2 protein chains.
Amino acid sequence: MTAPARLAPPPRERIIDAARDLFRKHGIKGIGVDAIAEAAESNKMTLYRHFGSKDDLVVVCIERAAAEAEGFWADLKAAHPDDPRAQLQDWVRRAGEFVTVAHCNCELLDAAAQLVESDHPARHVVEEIRKGHKRRLAALCRDAGVAEPDLLVDALTLLIEGARFNWRSTGPTGAAARFVAIAETVVTAFMAKSPCGGSSGRAH
Amino acid sequence: MTAPARLAPPPRERIIDAARDLFRKHGIKGIGVDAIAEAAESNKMTLYRHFGSKDDLVVVCIERAAAEAEGFWADLKAAHPDDPRAQLQDWVRRAGEFVTVAHCNCELLDAAAQLVESDHPARHVVEEIRKGHKRRLAALCRDAGVAEPDLLVDALTLLIEGARFNWRSTGPTGAAARFVAIAETVVTAFMAKSPCGGSSGRAH
DNA sequence: TGACAATGTTACCAACCCGTAACATTTACT
DNA sequence: AGTAAATGTTACGGGTTGGTAACATTGTCA
């Protein structure tokens, strides 16, 4: 048995997990490296040996969250091969789970929100990840035959970001709990008005 | 001229203004009282003489934002007396301005987001204000004859919170810039399906 | 067993931050 | 003018935080 890593993950992983959890709960600026190291059942020294600084740890956490989101898209495509409309419907459902489940990748949002007007190294990482999400979702909407795919993408973006935000502050009793029903209504509304221009007309 | 307060507002007001601005830019936990006092062209002592603590200052800032929102609702009703549909349409337009304008009352959102999992005294204040907004918006949707007013309220809530959030991180190039067009589409979609049940059916 | 890397422990530093004390200064009002 | 309140200035204390140094411990592999 040369690999006892099955039961106890190596400290690096424990630290990342603890950091993601605590960042989500208290915010990036709301938790200290000492608390993270303790929650990870490790210590501050090993934390600083793996990640040179708190900022670097934040970046690693965000990249980890982005990697998980990568799996999200892969699963989505695998579940409904060559059926973009079904993929879009399922996107709404799965996104709803990501909102309500505790272990969602809110780090992106937290980071984006808390690091405004600051030159935190995680900022452009978040930017890139967001762009990637938007690009994939836009492709999905386009393939699904939506009339104004870009506008639907923006609508879903606002809805899901608002839902994540709202869930954190009001919990299951707030508007975020009905994200799926709302998003489905919005999607069908955009599907319906395929040839006709929108209410306010702006073509694109 | 016993009132020279015309040119330079009293320090209390300057401090509140500066605090709101800096809280918005750097977050509640991201800025210190020293910086606030300096930005207000005052000093830490007078800050603490007016507001006993930083937490109290946060509460005052939030209440100030809520008071401004009060004027928002009053203007809305005054602009379209006895015409709830026009009020709802105008709500979307004005809410869009509140999103994009720099001096919006994001404090509520910021506070709500950053004080999760914390017993900050401002939390329940934010809760109350949110409830009030939701109640007013629900009444508006109901009076406007929407089929599922509660669901539309939640949809608009997610959209506007998402828009505020998105605006702060991506600015005018992000999805938040198209909030008005999106919200208008959603409202008309909800208006259209007055007798028929929604896609996912849940009546209420 | 011996050597080496990874991890843990303790202590420490400099910087920052909230809040207070004591004193100086300006402003407002009679 | 004169008094009192409001404001400004300086300094300080206790606490926390990010980050480092030095040393002890554990585990791994030959």
Side-chain angles (χ1 to χ4, degrees), chain A residues 1-20 22-23 25-62 110-111 114-115 117-123, chain B residues 1-20 22-23 25-61 110-111 114-115 117-122:
Chain A
M1 253 187 246
T2 62
R6 288 285 165 75
L7 294 176
R12 187 168 202 273
E13 297 303 310
R14 295 202 311 262
I15 290 172
I16 293 176
D17 289 346
R20 290 182 64 182
L22 293 174
F23 285 154
K25 283 182 184 165
H26 305 274
I28 291 178
K29 289 180 185 162
I31 201 72
V33 289
D34 258 313
I36 294 172
E38 187 182 6
E41 291 180 275
S42 181
N43 55 76
K44 197 162 55 168
M45 246 354 269
T46 57
L47 188 154
Y48 273 97
R49 277 192 275 250
H50 280 287
F51 321 93
S53 71
K54 185 186 181 182
D55 287 357
D56 290 4
L57 175 59
V58 171
V59 171
V60 170
C61 286
I62 290 173
D110 291 348
Q114 293 171 14
L115 307 177
E117 212 97 350
S118 129
D119 50 356
H120 197 286
R123 279 209 60 182
Chain B
M1 252 188 248
T2 64
R6 288 286 165 75
L7 292 175
R12 186 166 202 275
E13 297 303 309
R14 296 202 311 261
I15 290 171
I16 293 177
D17 289 347
R20 290 181 66 182
L22 292 174
F23 285 154
K25 283 180 183 164
H26 304 275
I28 292 178
K29 290 180 185 163
I31 201 73
V33 287
D34 257 312
I36 294 172
E38 187 182 5
E41 292 181 274
S42 181
N43 55 76
K44 197 162 56 167
M45 256 337 282
T46 57
L47 189 154
Y48 273 96
R49 278 193 274 250
H50 280 286
F51 320 92
S53 71
K54 185 185 179 181
D55 288 356
D56 290 3
L57 174 60
V58 171
V59 172
V60 170
C61 287
D110 291 350
Q114 293 171 17
L115 307 178
E117 213 101 347
S118 130
D119 49 357
H120 198 286

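Here the structure is a predicted model, which is why all the values come from computation and not from measurement. Below, chains carry the letters A, B, ... as their sequence lines are ordered, and counting in each starts from 1.
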remark   = Rounded to whole Å, the CG-P distance (Asn43(B) to dA11(D)) equals 14 Å
inquiry  = Donor-acceptor pair, distance only, cut-off 3.5 Å: does the side chain of Arg12(B) make one with the backbone of His50(B)?
reply    = no
request  = Give a yes or no on this: more than 12 heavy atoms of other residues, nucleotides or ligands lie within 6.0 Å of atom CD of Glu38(A).
outcome  = no
key: Distance in angstrom units between Asp55(B) CG and dC17(C) P, rounded   = 16 Å
task = Give a yes or no on this: more than 12 heavy atoms of other residues, nucleotides or ligands lie within 6.0 Å of atom CD of Glu41(A).
result = no
ask   = Which of the following nucleotides, dG18(D), dT9(C), dT10(D), is nearest to the side chain of Met45(A)?
value = dT9(C)
key: Integer-rounded Å distance: dT10(C) P and Tyr48(A) OH   = 19 Å
ask   = For Ile31(A) and dT16(D), what is the distance between atoms CD1 and P respectively, to the nearest whole Å?
value = 13 Å
query = For Glu13(B) and dT7(D), what is the distance between atoms CD and C1' respectively, to the nearest whole Å?
reply = 16 Å
message = In whole Å, I'd like the distance from the CG atom of Asp34(A) to the C1' atom of dG15(D).
response = 13 Å
ask   = Rounded to the nearest Å, what distance is computed from the CD atom of residue Glu38(B) to the C1' atom of nucleotide dC16(C)?
value = 15 Å
query = Is there a donor-acceptor pair closer than 3.5 Å between any side-chain N or O of Asp55(A) and the backbone N or O of Val58(A)?
reply = no
task = Tell me which of Glu41(A) and Lys44(B) sits closer to the 5' end of DNA chain C, going by the nucleotide each one is nearest to.
result = Glu41(A)
inquiry  = Would you say Arg14(B) places a side-chain N or O within less than 4.0 Å of OP1 or OP2 belonging to dG8(D)?
reply    = yes
query = Just checking Arg12(A): base, sugar-phosphate only, or nothing, at a heavy-atom cut-off of under 4.0 Å?
reply = nothing
query = In whole angstroms, how far is the C1' atom of dG19(D) from the CG atom of Asp56(A)?
reply = 12 Å
inquiry  = From the set dG19(C), dG19(D), dA21(D), return the single nucleotide nearest to any side-chain atom of Lys54(A).
reply    = dG19(D)
request  = Look at all strands and tell whether Leu57(B) reaches a base, only sugar-phosphate, or nothing, counting heavy atoms closer than 4.0 Å.
outcome  = nothing
inquiry  = Please pick, from dC18(C), dT7(C), dG8(D), the nucleotide with the shortest atom-to-atom distance to any side-chain atom of Pro11(A).
reply    = dT7(C)
N or O in side chain of His50(A) less than 4.0 angstrom from dA6(C) OP1/OP2 = no
ask   = For the residue pair Leu22(A) and Ile36(A), what are the closest heavy atoms and their distance?
value = CD1-CA, 3.8 Å
ask   = Do any side-chain nitrogens or oxygens of Ser42(B) fall under 4.0 Å of OP1 or OP2 in dG8(D)?
value = yes
task = Tell me which nucleotide among dG8(D), dG8(C), dG18(D) gets nearest to the side chain of Thr46(A).
result = dG8(C)
message = Let me spell it out: for each of Lys29(A) and Arg49(A), pick the nucleotide of DNA chain D with the closest heavy atom. Which residue's pick is nearer the 5' end?
response = Lys29(A)
query = Is Leu47(A) touching bases, backbone alone, or none of the nucleic acid, heavy atoms closer than 4.0 Å?
reply = nothing
